[in-house]
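Here's the structure we're looking at; comments come further down.
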Amino acid sequence: MPYLFNTSEQQQEMLQAIGVDSTEDLFSNIPQELRLDRPLNVPPALTEMELQAHVSKLAADNVGPGSRVCMLGGGAYDHFIPAAVDEIARRGEFYTAYTPYQAEASQGSLQTFFEFQSLICQLTGMDVSNASLYEGGTCVSEAAFMAMRVTNRHDRVVLLGSLHPEYRQVVETYLKHLNCEVVVVPCVNGSVDPADVDAAMNDQTACLVIQHPNFFGTLEEAEQLTEIAHKYGALSVVSYDPISLGILKRPGDYGADIAIAEGQSLGTPLQFGGPYLGLFSCSEKFVRRMPGRLIGQTVDRNGKRCYVLNLQAREQHIRRDKATSNICSNQGLIAIRAAVYLALLGKQGIREVAELCCQKAHYAAEQLAQIEGLQLPFPERAFFKEFVLSCSEGADYLLRKARQAGFDLGPELSRFEWTDGSGADQTGVLVAITEQRTREEIDRLVTALKA
Amino acid sequence: MPYLFNTSEQQQEMLQAIGVDSTEDLFSNIPQELRLDRPLNVPPALTEMELQAHVSKLAADNVGPGSRVCMLGGGAYDHFIPAAVDEIARRGEFYTAYTPYQAEASQGSLQTFFEFQSLICQLTGMDVSNASLYEGGTCVSEAAFMAMRVTNRHDRVVLLGSLHPEYRQVVETYLKHLNCEVVVVPCVNGSVDPADVDAAMNDQTACLVIQHPNFFGTLEEAEQLTEIAHKYGALSVVSYDPISLGILKRPGDYGADIAIAEGQSLGTPLQFGGPYLGLFSCSEKFVRRMPGRLIGQTVDRNGKRCYVLNLQAREQHIRRDKATSNICSNQGLIAIRAAVYLALLGKQGIREVAELCCQKAHYAAEQLAQIEGLQLPFPERAFFKEFVLSCSEGADYLLRKARQAGFDLGPELSRFEWTDGSGADQTGVLVAITEQRTREEIDRLVTALKA
Amino acid sequence: LATESLFALSQPGRRGAELPEADVPVKPLNELLPTAALAIEPTGLPEVTEPDIIRHFVNLSTLNMCVDTHFYPLGSCTMKYNPKRHERLASLPGIVDLHPYQNPSDLQGMLALLYETQEMLAEISGLPAVSLQPAAGAQGEFTALLTAKAYFEDRGEKRTKVLFPNSAHGTNPASAAIAGFDCVQLASSKAGLVDLEDLKANLDDQTAVFMVTNPNTLGLFEKDIKQIADMVHEVGGLVYIDGANMNAILGYTRPGDFGGDMMHYNVHKTFTGPHGAGGPGSGPIAVRDFLSDFLPGPVIKRNENAGENGDQYTLENPPKSIGRVRTFYGNIGIVVRGYCYLRTLGAKGLKAVSENAVLNANYLKAILKDVLPVPNGDLCMHEFVASASKIKAENGVTAMDIAKRLLDFGFHAPTVYFPLVVPEAIMVEPTETESKETLDAFAETIRKILQEDPEYLHQAPHSTAISRPDEVVAARHPILQCCEPQ
Amino acid sequence: LATESLFALSQPGRRGAELPEADVPVKPLNELLPTAALAIEPTGLPEVTEPDIIRHFVNLSTLNMCVDTHFYPLGSCTMKYNPKRHERLASLPGIVDLHPYQNPSDLQGMLALLYETQEMLAEISGLPAVSLQPAAGAQGEFTALLTAKAYFEDRGEKRTKVLFPNSAHGTNPASAAIAGFDCVQLASSKAGLVDLEDLKANLDDQTAVFMVTNPNTLGLFEKDIKQIADMVHEVGGLVYIDGANMNAILGYTRPGDFGGDMMHYNVHKTFTGPHGAGGPGSGPIAVRDFLSDFLPGPVIKRNENAGENGDQYTLENPPKSIGRVRTFYGNIGIVVRGYCYLRTLGAKGLKAVSENAVLNANYLKAILKDVLPVPNGDLCMHEFVASASKIKAENGVTAMDIAKRLLDFGFHAPTVYFPLVVPEAIMVEPTETESKETLDAFAETIRKILQEDPEYLHQAPHSTAISRPDEVVAARHPILQCCEPQ
């Protein structure tokens, strides 16, 4: 058996020390009638060599960006990951440690998470960040919960219809059992009309959830919408694209109360949708209502600066059913990846990545829109790195044609349930252009789609 | 510029501290007329993202074992490498350290090399091992040099014609300028006749170099040949396949004086032929004549067990032109790989790997030999994991047919210069079967070659 | 030097990454985007070189204890060895680079892997329907509770209560609360098990779910579990098994066989997804057939007769699904590691894991019990909860003191002060991937520590990078980032 | 615990790796192989589990100082940062898994990479013919000397002498000796440069090669190098440039331009192949056109008009090749890293490397010179050699004492006692991948150390894993493996 130590001699010695005859005796508290009286019916064991051959074969049955040009978007993006990120994240000292309960033996994780929090604050302009939540979608429900606690309004939240439809579904799953009304303001022509939002808000609304740039890639009037939220005493929750903050105003700049995001773009591979990274930051005044793990700076007995798990009184192991959230882990290793990524890019790099995405996406949109049968349905809307492309012959036709030429576009808007009609364009497909895409690739796609 | 720290402000501060005006002034000792007055004509700089795309493209222009079944042999083998080997070897603490000159800051490398030496001694049955040389081929010339020092015979060495032809070429390159005669005993029917060796030896011969299993995969009478060497007062130098020692008698068991090997099979990837690992061990009595780095155990000032570079008085920085060798590095990181590999396999594992190779190779040989037009030219000779397959229609025909079916065989014997006729079979091709090859693959090759 | 702040390494103009020039025609940004949306100033991210970043984080990493360097008997967390092959295989191209919205036809290898994982988790639990979606155990609890809720609603029942023993993980009540249930905490018996009387007293037709960890957090198997389940089922409720301690019973007994209707796994515990300094985890749930229609979507289905152009594996939403609990399909990277582990062990290997986990725990308990008494239970399962309360009464040495002092000797501390029902709790889980030699050394060290001067122990640890931090100050004046708020 | 022997972790029956059953029909081994050839007993390899092996070597690794954790100003070794992208790219499938005997048509990407590397090394050296074969600098020296020998023999000359200054690396004479030359060591001038008089006195028609490191081991550029080369050429000899210190002159001047006929590179120094705790290195050589026919085979050629089925890149043996100096084609894995580095930097970047390497060395020298005088030279190149002889005379503190004490402060020691021509030599090479902040901290520490009690310094280091080892006992009674000889 791999990974086991006890030789049969040792097993005997140990049983003797325990005072039983066999390992079977150790399980005597499990009533005989509850025992499984047969071997588990699972596939046979594989040695490392066999396992590697087997998983390699499974991997070969998939088609990854290595063999296809990835222009897929919708909340997960093929950004470049510097090798230094892997170098740090694959250190056993990080990936085989656990939650830093013992601060004296965990300063590596603690300081890294503290720096992660600091980097996220710098990126977003927010006062405080936690050490991460699960992923972008659950961040929205955690933000809604937090807003309900802060505002003491438990019955109503308002979402923009341009929110990622899966995020919306998550919020609905989380909130509907609490008799909290989830109001969706429909998205028209790629973004939401602030007047519609104003109409949907009232003084029982805990928060307004804005995605900016939104699911369709276009910019929302985040600043104005934040003002509207505040007018009704609601919190402004902004879901941002972390890469976009290299050039866009930061949530902290325009008064967002809670800033959340999917952090996958910051150095984490696509890996079929997870594990990803929920970024969650807020104004200082709400810090004790914040979900998730927080690392704080303090001093040790000798006055040396050090870091600890802070404000644990908010958490489940103390507050149990009164805790700020049921989440009791963070995405430690993914947060470490993001910290290294942000440190590497730095002030200039994050701006340049954002600019490259934006410039290349605009070039691609311009070229694609000139092809007969393809349209940008929201030509008036500003977008960042992702846009909707409509095809007169239908989304499937477009996807298939691109795929045959070696390009993955999508997701198609018709993939999602659009309860409010926001994504009603059944011929629309998202196209995301990261800094990794080259003009040559874009031109090749254009040529192929023209053919 | 990547990897640089000095900002232009800092450059100014530093220049001021030095007392010069510009960095140009720092180069004033290089006469102006010797300066390069133009930029180097090298390709333009690539960012990490571009470099990765570029090298990935070059990699895609090659065909590796991932897409083809590798049955190539001839001194480099596609053995399985457990992931734990990479995990250790990719730790910065190992790969970004240098030669452990400062023992107090290098116990990690020193103890690991000491354990490497110990593992090689256990594997080979030899008394002492150095901490590695360049690779298998240069080990032969280092062994010949050492034998010349030990025996004080400088004019003659005898090699078996079944030695890897590239090893033979290396020895010739190294020795011919020293007026040392290199006698090659021709190999007949896949191995060398001990009587021929006896005839070639004399009392001016420094050493007899035996490869066992030999280049053609077959076993030599290593024990008897060692006795013959000793009869003439020469050293017996045995080049072994480290994997084979899982089932074969060890050089130490039959009295070899120097045991050498290419250690690539012990956890190092093929990487187009290098860096590999020269294994070099010998009898205790010759230790001070041994080339290469040696790690010794000692105690520190507090009596604590520790490890140091030992017997450095043999080396170039002290002995200069009287040194035992001009080699002043070891293959540190590759030796670390081998140490982890041997530790993982252990007593049982090395035996099982050897058995698997041997059984599968025999199955393959048996099946292939039944195909019309293919023959095992040395049916009487015992072999370990590699054998010669002859093709009536020529080596090229066989290689091409296999390649079309997705199999790489070889090298073909005609690839090499055979000054003594040892590899005269121009229709012969080596086939190596490691533990990674499956019956399914072998059967598939057989089917393809039958077709 | 290692603990210098990353921000202190910043100098204007330094760079850790270079980006290429745009290869497309470049337009002024304010032609592409409205000026009002553009940042006025660049972010305050630091400017650090790659060499400094590597040195900074490598040095920081060495301040951690971890499984790869130290014995880490952190009770309830199952800090077993993380096989290195998992890291390699989870990083293969074709695994690590798949986009969640690729065409399913290009994902058949991945979907096959996930489908097989569902099947294996169903078999190990004895509960046939599996969802891989939950990101962690706590989300698994929440997801299962919502599933139960939907089930009851579908039957026209509106049950309001979730019951759990006072030894439960804090996430149980927290998850029940956010799922909109009323929480009812039950007493534990003197033996450290569910108090059947108290359970009976609280069961009624408002009882939706009884949540119980089995083996429980005291490391004891709830021997009356079948009777408990029958009692819950009798009032129409469901039994939820918190699977945190599955490492004790793999192949010996199954939640589905001892009365559980739903459970979650912690892939990062039982199936050795690396703990990653706090995550990511993965908390798949398994439920009975009658609950399968309510699981969150999508799940992976296998289509026996997929035909020429059809895919063998597809992603499908259960008909009465509670909806999504997260974006995409789960913490797939961790699930892949769990899959590798399951395929490595097979049936015999899985059982051997539990056999040796339980053996190691009982052995360590046996050789320590004279100095570290275990209040509840004679035999334990994969972990045991000792109490330092007698020691504290005698000389003032606390569980925390012992825990901290262990760090000095190169052992990570056990879990302390949990579960809450044991005073001065010291919860030790050695796992099966440790040797008798290590257990002996650990026991020897505990004995040595208990001989030491209590004052010295109060000040422990003495040889770690820092001494005990001031957590009170940290909480009173939280400093949560290293720059001035902007 | 970390330093326990690997063999002490062995228990009979433990396993670190599992192998599958054979999937072919199995025969008794003694039917396949003669019994006399079979081992009678299994090897004495230890039996250790994977978790123990990982913990053992991970913990051992942390006892090393390395570039990724510490400033490592080891003179002459160019301990610059090893870019992480190189490790990733050198491990790509299609790079790391190529067999040396694959069909060249399946290797065109690799051969293109190697060809481009040859071209870049030729351009940087000003010497047009390159061999990538040598495994390390020392083998590069040997290979070049044999090349020279073959050249002379081809011309019917039999020259016997190799000259080198007394400041040379020990490998220069060692390589000359095994190439069958007589070694002649020359004096150095007071300025630390080649003594032209002594050179002249020793040059004659038996002179085959003059070997010189430039910049030399004192960190000084041989400003008379052109004149030196002319003198050597005048007697028909060749000039060999030991390229160990190329990091100082990239893009500023080229060996081919200042009179060198042959040189070797150290890819692991100048082009940041990782040093790997002692290797592997890579020591390509570059030579003048008239020497190219003698280079070891094979070299990579580009065929401009390869045609339909022909390969663009091929492996070819030079017509009068000295033969092979190693198996296969070179330490390709290291060459690939060097290629990545060259492609990352480009012309401007390469020059900036030398600019900043030289700036850093001169800065550090400038801020230290009052306490650590540098006997030779005013400006240095990329490194400088200080002398502690005055300090030693004053209070007995040696270069070694200072080196050892630096370890306590988290700095790897500089090279000491080399080159031999400087008494109490301290050879400091900061490299360009260190910051002014680090250099300042290093200088500050040296000052602090020089204020300390000499007795305390003799005993240094004080905070490392071990104190100074007893090397005398080690050499007298060598213990070179941990088991009894069998």
Side-chain angles (χ1 to χ4, degrees), chain A residues 5 14 18 29 34 39-40 45 55 58-59 61-64 72 88 92-93 95-99 104-105 107-109 118 121-122 127-128 134 137 166 169 173 177 269 271-275 296-298 300-301 306 316-317 320-321 323 326 329 331-333 344 346-347 349 352 363 411 439, chain C residues 6 16-17 19 23-24 44-45 47 57 60-61 63-68 89 92 94 96-101 106 109 135 138 170 173-175 177 180 183 221 258 274-280 323-324 327-328 331-333 346-347 352 363 366 435 464 466-467 469 474 479-482 485:
Chain A
F5 283 79
M14 294 164 82
I18 299 166
N29 285 330
L34 302 184
L40 285 167
V55 176
L58 290 175
D61 286 346
N62 300 316
V63 178
L72 290 155
I88 298 301
E93 286 90 334
Y95 82 79
T96 77
Y98 199 29
T99 302
E104 298 90 338
Q107 286 297 300
S109 305
S118 305
C121 290
Q122 291 301 322
D127 299 331
V128 289
Y134 300 140
E166 295 198 10
Q169 290 164 10
T173 305
H177 293 273
Q271 46 189 347
F272 200 46
Q297 178 183 313
T298 184
D300 75 358
R301 291 194 181 206
C306 64
Q316 329 72 31
H317 56 282
R320 299 177 76 86
D321 58 317
N326 75 328
S329 55
Q331 299 296 95
L333 198 63
L344 282 164
K347 182 185 291 201
E352 289 168 7
Y363 174 77
R439 178 176 182 160
Chain C
L6 174 69
L19 279 300
D23 58 357
V24 297
L45 292 178
E47 297 169 78
F57 286 114
L60 275 185
S61 79
L63 303 179
N64 278 356
M65 280 187 175
C66 67
V67 174
D68 277 1
L89 298 176
L92 287 179
V96 78
D97 54 4
L98 300 178
H99 191 284
Y101 291 136
D106 293 341
S175 297
C183 293
F221 193 83
F258 59 65
H275 281 75
R324 287 201 158 267
T327 323
F328 311 127
N331 279 357
I332 302 303
Y363 175 69
S435 67
T464 47
I466 61 161
S467 60
I479 303 175
L480 303 172
Q481 60 138 316
C482 64

_A:Glu166 (side chain) donor-acceptor with C:Phe328 (main chain) under 3.5 angstrom_ = yes
*asked:* Nearest 0.5 Å, please: how far is NE2 in C:His275 from CG in A:Leu333?
replied: 12.5 Å
*Go through the structure and list residues passing side chain to side chain contact (heavy atoms under 4.5 Å, CB included) with A:Thr298, not counting sequence neighbours.*
A:Cys306, A:Val308, C:Pro469, C:Asp470, C:Val473, C:Ala474
*With rounding to the nearest 0.5 Å, note down the distance linking CZ in C:Phe57 to CG in A:Leu344.*
8.5 Å
*Pick whichever of C:Gly170, C:Ala174, C:Ala277 has the most heavy-atom pairs under 4.5 Å with chain A.*
C:Ala277
*Is there side-chain contact between A:Tyr98 and C:Val67, with heavy atoms separated by less than 4.5 Å?*
no
*asked:* Quick one: does any side-chain atom of A:Ser118 pair with a main-chain N or O of C:Cys482 as donor and acceptor, under 3.5 Å?
replied: yes
_Heavy-atom pair count under 4.5 Å with chain A, highest-scoring of C:Gly346, C:Pro173, C:Gly323_ = C:Pro173
*Please confirm whether the backbone N or O of A:Ser109 pairs with a side-chain atom of C:Asn64, one donor and one acceptor, at under 3.5 Å?*
yes
*asked:* Would the distance check show the side chain of A:Asn62 and the main-chain N or O of C:Gly94 forming a donor-acceptor pair, the cut-off being under 3.5 Å?
replied: yes
*Could you pull out the closest heavy-atom pair between A:Pro275 and C:Asn331, with the gap in Å?*
CA-OD1, 3.3 Å
*Can you check whether A:Asp300's main-chain N or O pairs, donor with acceptor, with C:Ser467's side chain at less than 3.5 Å?*
no
_So for C:Leu92, is it side chain, backbone, both, or neither that comes closer than 4.5 Å to the heavy atoms of chain A?_
side chain
*Grab the two heavy atoms, one from A:Arg439 and one from C:Val24, that are nearest each other, plus how far apart they are.*
CB-CG1, 3.9 Å
*Of all residues at least two apart in sequence or in a different chain, which pass the side chain to side chain contact (heavy atoms under 4.5 Å, CB included) check with C:Ala366?*
A:Ile18
*Which region of A:Phe272, side chain (C-beta onward) or backbone (N, CA, C, O), has a non-hydrogen atom less than 4.5 Å from a non-hydrogen atom of chain C, or is it both or neither?*
both
*Which one, C:Gly279, C:Gly16, C:Ala17, C:Ala135, leads in non-hydrogen pairs under 4.5 Å with chain A?*
C:Gly279
*Select, from C:Thr327, C:Leu89, C:Thr464, C:Leu6, the one with the greatest count of heavy-atom pairs under 4.5 Å involving chain A.*
C:Thr327
_Most chain C-contacting option - heavy-atom pairs closer than 4.5 Å, from A:Leu72, A:Ile88, A:Val128, A:Thr99_ = A:Leu72
*Quick one: CZ on C:Phe258 to CG on A:Leu34, what's the gap to the nearest 0.5 Å?*
8.0 Å
_As an exercise: rank C:Leu19, C:Leu45, C:Asp68 by heavy-atom pairs under 4.5 Å with chain A and give me the winner._
C:Leu45
*Which heavy atom in C:Cys66 sits nearest to a heavy atom in A:Gly92, and how many Å separate them?*
SG-O, 3.6 Å
*Report the option among A:Ala45, A:Gly346, A:Gly137, A:Pro39 that has the most heavy-atom pairs separated by less than 4.5 Å from atoms of chain C.*
A:Ala45
*Hey, are the side chains of A:Gln122 and C:Gln481 touching, using non-hydrogen atoms and a 4.5 Å cut-off?*
yes
*Residue among A:Gln297, A:Gln169, A:Arg320 with most heavy-atom pairs under 4.5 Å to chain C*: A:Arg320
*Answer yes or no: is there a donor N or O on one side and an acceptor on the other, between the side chain of A:Asn326 and the main chain of C:Ala138, under 3.5 Å?*
yes
*How long is the span from the CE atom in C:Met65 to the CD atom in A:Gln107, to the nearest 0.5 Å?*
12.5 Å
_Only pairs of heavy atoms separated by less than 4.5 Å count here; which of C:Ala352, C:Gly333, C:Gly276 has the most with chain A?_
C:Gly276
*Hey, does the side chain of A:Gln271 reach the backbone of C:Leu98 with a donor-acceptor pair shorter than 3.5 angstrom?*
no
